[in-house]
Amino acid sequence: MSLSKVTFTNTEGQTLSGRLELPADQHPHNFALFAHCFTCNKNLGAVRNISRGLTSQGFGVLRFDFTGLGESEGDFADTNFSGNVEDLVAAADFLTKEYSAPTLLVGHSLGGAAAIFAATQIDAIKAVATVGAPSNPIHVKHLLKSGIQEIEAHGRATINLSGRDFTIKKQFLDDLETKSLPDVTKNLGKALLVMHSPQDTTVGIQNAEEIYLAAKHPKSFVTLDGADHLLMQKEDSNYVGKVIAGWSSRYVDIPESPKLKSNHHVVASLGDDPGFTTQMKVGNHYMVADEPDHVGGNDFGPTPYELVSAGLSACTAMTIKMYAARKEWDLQHIEVHTSYDKKHMEDCEHCEDPTAKIDTFVREIKVQGNLDEKQIARILQIADKCPVHKTLHSDTQIITKLIT
């Protein structure tokens with residue numbers, strides 16, 4: 001996973017702070033926006049875990065703090081639900097301009113309601129997933145019940161939510177009164193996934209039913225049995241991320257990995273994209289090779305020499321294990337560490353000459369088990385007899401032909 005801090009401005013010119021997470025081994029096939037819960041922020045554990053579940057499946061994810069929360073500018077007391085929706089649209093505009101238009105929108109709690117409203121204003125969105133969302137934004141009123149009378153009487157009140165004080169103004173409540181989620185959901189025109197826990201004591205399960213019934217197909221419901229509203233258990237939020245990634249793959253365009261065919265055991269394919277990310281078919285397995293960032297690569301996979309070193313390490317470990325098993329030795333575990341470099345030959349007379357360097361693999365072996373010194377010494381001898389080691393030491397030829 002690659003994580004970077006990003007900022008963008010909302011419609012009021014205030015700077016909003018976000019985190020952009022990208023897959024570790026590929027360019028994102030799609031981008032997703034995450035809307036956090038009421039008075040939460042982008043760094044809530046559940047938000048991070050769900051985002052990582054998506055990036056592990058190839059999505060790029062932007063999670064950010066709504067105006068007045070976390071690291072974003074603005075005064076929370078001056079915000080309202082409509083402002084959250086506008087922040088999501090601004091985030092989508094930022095992604096569209098700097099990366100690629102988001103196709104998936106994920107919202108947690110009140111952020112789920114905001115996600116549905118925002119999805120109607122973001123043409124690129126193809127799928128929306130809500131987690132523990134209220135069926136109407138006005139539901140938030142019950143969280144503010146300790147200050148409702150004061151808000152109505154004086155236009156504002158300071159209310160403690162989850163151990164923190166927030167100032168809520170009457171305009172926040174007035175704005176909620178104007179929002180009808182069932183009406184918007186009915187005309188959403190996007191694929192919708194509703195996720196909710198039957199044990200949610202903050203936003204009851206009946207809210208999920210109301211959202212689901214209001215929506216038109218394609219729509220889906222997944223129960224989060226046993227989870228609390230904020231998904232405080234890591235396994236719950238990890239599950240949510242994986243499910244959303246799998247479900248949304250039905251509705252967003254995900255390019256198929258190239259199915260390389262060849263009469264040879266290994267084939268490498270590199271297109272005209274910038275960099276050196278190379279798709280490979282190695283036997284019956286698919287993988288990626290690349291170069292590090294500092295030489296113009298994306299670092300999405302091992303370098304060619306790392307692949308050669310890996311072959312030597314694997315072959316050495318396998319050869320030693322087969323030998324020890326045949327001898328019935330108590331070899332319990334083996335590790336082979338290999339690195340590659342070009343080093344000067346010992347006592348070279350012309351060290352400044354590039355040809356004076358020799359390809360060098362440094363191989364270190366760690367064994368565990370009930371082995372005596374004689375057995376360990378023999379294991380080191382057997383390492384030099386592994387087939388890849390012999391190949392690297394033998395005279396080889398490479399015959400190159402053009403395929404037409």
Side-chain angles (χ1 to χ4, degrees), residues 1-8 15-34 42-43 47-64 71 91-104 241 245 252-258 260 266-282 285-314 335-344 354 357-364 392:
M1 176 195 69
S2 170
L3 179 65
S4 59
K5 182 177 181 178
V6 298
T7 58
F8 57 95
T15 299
L16 304 187
S17 176
R19 296 291 184 272
L20 183 65
E21 297 190 45
L22 302 177
D25 57 353
Q26 65 180 88
H27 292 295
H29 53 65
N30 284 268
F31 279 87
L33 267 178
F34 198 110
K42 65 182 179 303
N43 295 320
V47 177
R48 296 197 309 269
N49 293 335
I50 294 172
S51 297
R52 288 168 186 170
L54 291 168
T55 57
S56 70
Q57 298 302 311
F59 283 89
V61 182
L62 173 59
R63 49 183 170 91
F64 68 97
E71 299 175 292
D93 290 341
F94 165 76
L95 276 179
T96 301
K97 180 180 178 181
E98 300 294 333
Y99 298 91
S100 182
T103 56
L104 172 63
V252 302
D253 295 327
I254 300 179
E256 289 188 14
S257 299
L260 305 176
V266 176
V267 57
S269 175
L270 179 60
D272 60 358
D273 293 334
F276 303 102
T277 305
T278 304
Q279 303 297 324
M280 299 185 66
K281 182 176 183 292
V282 183
H285 309 282
Y286 291 89
M287 59 189 303
V288 172
D290 210 334
E291 291 287 355
D293 295 334
H294 68 272
V295 296
N298 293 302
D299 199 25
F300 287 158
T303 68
Y305 274 113
E306 286 172 340
L307 290 170
V308 175
S309 299
L312 178 59
S313 284
E335 290 181 6
V336 182
H337 302 250
T338 304
S339 60
Y340 166 82
D341 198 1
K342 284 183 178 290
K343 295 185 178 181
H344 287 294
K357 288 187 176 182
I358 186 172
D359 293 274
T360 302
F361 291 89
V362 176
R363 179 176 54 189
E364 297 179 338
L392 292 172

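From a predicted model like this one, the values you see are computed outputs, not experimental measurements.
Using a 4.5 Å cut-off on side-chain heavy atoms (C-beta onward), Q57 and I254 make no contact. Looking at I50 and V61, their side chains never come closer than 4.5 Å, going by heavy atoms from C-beta outward. Side chains of L16 and F94 form no contact here, defined as non-hydrogen atoms less than 4.5 Å apart. Using a 4.5 Å cut-off on side-chain heavy atoms (C-beta onward), P102 and T96 make contact.
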Verdict with reasoning, K42 to S51, per side-chain contact (heavy atoms from CB on, under 4.5 Å) = CA-CA 10 Å; K42 65 182 179 303; S51 297; over 6 Å; no

Can F64 and F8 be said to form a ring pair (Phe, Tyr, Trp, His ring centres under 6.0 Å), step by step?
-> CA-CA 10 Å; F64 68 97; F8 57 95; 5.4 Å; yes

Taking it one step at a time, do L307 and V282 satisfy side-chain contact (heavy atoms from CB on, under 4.5 Å)?
-> CA-CA 11 Å; L307 290 170; V282 183; over 6 Å; no

Show your reasoning for whether side-chain contact (heavy atoms from CB on, under 4.5 Å) applies to V6 and E98.
-> CA-CA 11 Å; V6 298; E98 300 294 333; over 6 Å; no

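A pairwise comparison of heavy atoms in P302 and V288 identifies CD-O, 3.3 Å as the closest pair. A91 and L33 make their closest contact through CB-CD2, 3.5 Å (heavy atoms, listed as atom of the first residue, atom of the second, distance). The two residues D290 and F276 have their closest heavy-atom pair at OD1-C, 3.5 Å.
Side-chain atoms of S313 come within 3.5 Å of backbone atoms of V336 as a donor-acceptor pair (strictly under, hydrogens ignored). Without hydrogens or angle criteria, N30 side chain to D253 main chain gives a donor-acceptor distance under 3.5 Å. At least one donor-acceptor pair under 3.5 Å links the side chain of T360 to the backbone N or O of I358. Not a single donor-acceptor pair under 3.5 Å links the side chain of R63 to the backbone N or O of R19.
Ion pairing between R48 and E21 fails under the 4.0 Å rule for side-chain N and carboxylate O.
Interatomic distance, CG of D359 versus CG of L392, reported as 9.5 Å (0.5 Å rounding). In this structure, OH in Y305 is found 5.0 Å from NZ in K342, a value given to the nearest 0.5 Å.
Remark: F34 pairs with no residue by the ring pair (Phe, Tyr, Trp, His ring centres under 6.0 Å) rule, at least two apart or across chains. Considering only residues two or more places apart in sequence or on other chains, F361 meets the ring pair (Phe, Tyr, Trp, His ring centres under 6.0 Å) condition with Y340. Residues passing the ring pair (Phe, Tyr, Trp, His ring centres under 6.0 Å) test with H27 are F300, sequence neighbours excluded.
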